Amino acid sequence: MFGSIMHRQGEQAFAHDPALRGYHAVYREGEINHCPGCGRSHWIIGRFSAECGFCATALALADGGLMGMGVRSRGHRGDAIWAEANAA
């Protein structure tokens, strides 16, 4: 199925091709973010998106929600603690 949605050389590319979609506005934490709709910089920040406080334009977060309470982390430290607990 994957081969059926990929474009071959000489064929037209699909409109949803990420390489062809152009400018993609996102909200970047720690930077001054001006709204693409009204130009102001007052934002209501959520878990996955930021919304302009004046015109309600929504932007995706550049980090993609990689921080917060519901995020699971698979760090190497947890494996070491697990091995120590089982060794005793």
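Bear in mind the structure is a predicted one, so any value in this text is a computation, not a measurement.
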Note to self: Please evaluate residues C35 and S41 with respect to the criterion side chain to side chain contact (heavy atoms under 4.5 Å, CB included), reporting the C-alpha separation (whole Å), side-chain torsions for both, the decisive distance (0.1 Å), and the verdict.
What the structure shows: CA-CA 6 Å; C35 175; S41 59; over 6 Å; no
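- A distance-only check finds a donor-acceptor pair linking the side chain of W43 to the backbone of N33 [under 3.5 Å].
- In terms of heavy-atom proximity, I44 sits nearest to G53 at CD1-CA, 4.3 Å.
- Contact annotation: the side chain of Y27 never approaches that of D63 to less than 4.5 Å [non-hydrogen atoms, C-beta and beyond].
- A donor-acceptor pair is defined here as one N or O able to donate and one able to accept, closer than 3.5 Å; such a pair exists between the side chain of H34 and the backbone of G39.
- Side-chain contact between P36 and T57 is present, with heavy atoms from C-beta onward closer than 4.5 Å.
- C38 is listed as a side-chain neighbour of C52, based on a closest heavy-atom distance under 4.5 Å.
- A 4.5 Å side-chain heavy-atom check between F54 and H42 finds at least one atom pair inside the cut-off.
- Annotation: the span from R28 atom CZ to L61 atom CG amounts to 11.0 Å, rounded to 0.5 Å.
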